[in-house]
Undergrad: 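Dumping the structure here so I can ask a few things about it.
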Amino acid sequence: MLNALGLLKRRRFLPLFTTQFLGAFNDNLFKTSMVLFATYTIFTDPVSESYFNAAATGAAILPFVFLSALSGQLADSHDKARIIRIVKTVEIAIMLVGAFGLMIAKAGYTTAGLALMLGTVLALGVHSTFFGPIKYAILPQHLEPGDVLGGTGLVEAGTYLAILLGTVAAGWIPVEAAAIGVLVVAGLGWFTGRMVPPAPREGPPLKLNYNPFTASWRLIAATLHIRRLFLAIIAISFFWTIGSVLIIVFPPLVKNVLTADKEVASLAIAIFSIGVAIGSVVINTMLKGEISARYSPASVIAMGAFVVLFSFLCRNWTPAPAGTLYSWQSFLAEPRAIGILVTLLAIATTGGMFVVPLYAFLTTTVEKDQTARTVAANNIVNCFAMTIGSVCVFGISAMGVTPQDMLFLVAGMCLVSAWLALRLHRACDDGCPNAA
């Protein structure tokens, strides 16, 4: 992975890396600002907070379900760099609406503000739907085969570092600054996106299917018949279902169980992002460029064990005095705080070690003219799984289950993910993806 850092000097990788980095930063800056503002300023009970977070998660993933098939077809049939430029131009318009929503919500027009902010999250989901397949599918086209795993790891690590910075910024800057920031970053992303080298269509012409239902079905059917792709996609989907549950549960857990303010919530999410980036680096170093799932089962089992430990640590937490919340200084002064943060870091690190090699399977198992559609098929299945996770949180919250108890559901899902990863490893001879 350290050798892969040399890719950042290459004209065929750096603009793409920078563009996706800025996009992930901006997306997370807006979403985190919105969620923290709603959680700590607008809503006053855990159930409403969980409902809003679930609604935001649903709005973000809904476009993937209906538009991923089209986005994959477009990416495989058109110049990927041209699509990047179009998507980045649209991002500026989306952020104009989002910034206005933040400002009017801050001014007291909460209903209209929340509606605009959720609409912006939906539009950002459309943005990510069209950009997502490209950032992975373009790698085999721009990089040598031996650099694809390193490039994938850098993209993953960069994405989570961007999430880290966006999360920290959202927790520490006022809403007004976030509204200005998302517009500035969108402009920077537009500039770097124009520097991505051309990535024209490879292979025969592709007839587009604009029907989202039949296109999605055909795309999934055309992809999942390949055994190792099927197993990789299902394992990734379980991972993101776990992620969706954690995303929904986490802000209310920090506020109502750890009784800490939004700066602590931002710090905790940032540590999670650091952990995934560390996991990406560690697994690339362990695999030495080989695309293999041999470490994934143990990684996700360890993740589940750390989730259980995290739940027990939360149960034994000493809450702040009634009517108050810990600041980040007083939170860190508590004797159990470091243990909670280290455990959270371990959850994220083992999660990154699990999922990064699986993404490399997606872009190296099929021909280069099919990679975007393969990633798009993965996105569709992921979003179905994440939707199920969001619905489960709705139902479980309505039953009165606490956030710390929901973590046991996450741990159970880690075991299923380990089983799927083990099947993927057994289904593939050593080095077989590299042969594709």
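As the structure is a computational prediction, the values presented were derived from the model and not from experiment.
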Undergrad: Under the side-chain contact (heavy atoms from CB on, under 4.5 Å) criterion, do Phe64 and Asn382 qualify, and how do the steps go?
TA: CA-CA 9 Å; Phe64 286 92; Asn382 288 178; over 6 Å; no
Undergrad: With side chains defined as the heavy atoms from C-beta onward, is the minimum distance between Leu231 and Leu358 less than 4.5 Å?
TA: no
Undergrad: Say whether, by atom type as modelled, one donor and one acceptor occur between the side chain of Thr19 and the main chain of Gly193 under 3.5 angstrom.
TA: yes
Undergrad: For a 4.5 angstrom cut-off between non-hydrogen side-chain atoms, does Phe13 reach Leu154?
TA: yes
Undergrad: Within this structure, what is the OG1-CD1 distance for the pair Thr110 and Ile104, rounded to the nearest 0.5 Å?
TA: 9.5 Å
Undergrad: Is there a side-chain contact between Val90 and His127 (heavy atoms, below 4.5 Å)?
TA: no
Undergrad: Verify side-chain contact (heavy atoms from CB on, under 4.5 Å) between Phe21 and Val155, making sure each step is shown before the conclusion.
TA: CA-CA 8 Å; Phe21 182 92; Val155 167; over 6 Å; no
Undergrad: With a 4.5 Å heavy-atom cut-off, do Thr349 and Phe306 have their side chains touching?
TA: no
Undergrad: Give the minimum heavy-atom separation between Ala105 and Met117, together with the two atoms involved.
TA: CB-CE, 3.9 Å
Undergrad: Do the side-chain N and O atoms of Thr192 and Thr18 include a donor-acceptor pair separated by under 3.5 angstrom?
TA: no
Undergrad: Shortest non-hydrogen contact from Ala81 to Pro197?
TA: CB-O, 3.3 Å
Undergrad: When rounded to the nearest 0.5 angstrom, what is the spacing between OG in Ser296 and CG in Leu424?
TA: 7.5 Å
Undergrad: Rounded to the nearest 0.5 Å, what separates atom OH in Tyr295 from atom OG1 in Thr350?
TA: 16.0 Å
Undergrad: To the nearest 0.5 angstrom, please state how far the CE atom of Met413 sits from the CZ atom of Phe239.
TA: 11.0 Å
Undergrad: Please report the shortest heavy-atom distance between Met353 and Ser299, naming the atom on each side.
TA: CB-OG, 3.6 Å
Undergrad: When rounded to the nearest 0.5 angstrom, what is the spacing between CG in Leu70 and OG1 in Thr129?
TA: 10.0 Å
Undergrad: Do you know the tightest heavy-atom contact between Leu74 and Ile83?
TA: O-CD1, 3.5 Å
Undergrad: Grab the two heavy atoms, one from Cys314 and one from Leu253, that are nearest each other, plus how far apart they are.
TA: SG-CD2, 3.9 Å
Undergrad: Should Leu287 and Pro357 count as side-chain neighbours, where that means a heavy-atom distance under 4.5 Å?
TA: yes
Undergrad: Just wondering, do Thr120 and Met34 contact through their side chains at under 4.5 Å, heavy atoms?
TA: no
Undergrad: Using a 4.5 Å cut-off on heavy atoms from C-beta on, say whether the side chain of Val175 contacts that of Ser33.
TA: no
Undergrad: Check whether Phe131 forms a cation-pi arrangement with Lys88 (NZ or CZ under 6.0 Å from the six-membered ring centre, at most 45° off the ring normal).
TA: yes
Undergrad: Just verifying a value: how many Å separate Leu67 CG and Ser128 OG, rounded to the nearest 0.5 Å?
TA: 11.5 Å
Undergrad: Identify the two heavy atoms, one from Ile92 and one from Leu183, that lie closest to each other, and give their separation to 0.1 Å.
TA: O-CD2, 4.2 Å
Undergrad: Does the side chain of Leu116 reach to within under 4.5 Å of the side chain of Tyr109, using non-hydrogen atoms?
TA: no
Undergrad: Would you say the side-chain atoms of Asn28 pair up with the backbone N or O of Gly166, donor to acceptor, closer than 3.5 Å?
TA: no
Undergrad: Starting from the C-alpha separation in whole Å, work towards a yes-or-no answer on side-chain contact (heavy atoms from CB on, under 4.5 Å) for Arg194 and Ile84.
TA: CA-CA 8 Å; Arg194 298 184 66 83; Ile84 289 174; over 6 Å; no
Undergrad: Would Phe238 and Val300 count as a side-chain contact (heavy atoms from CB on, under 4.5 Å) if you check the C-alpha gap in whole Å, the side-chain angles of each, and the deciding distance to 0.1 Å?
TA: CA-CA 11 Å; Phe238 261 91; Val300 78; over 6 Å; no
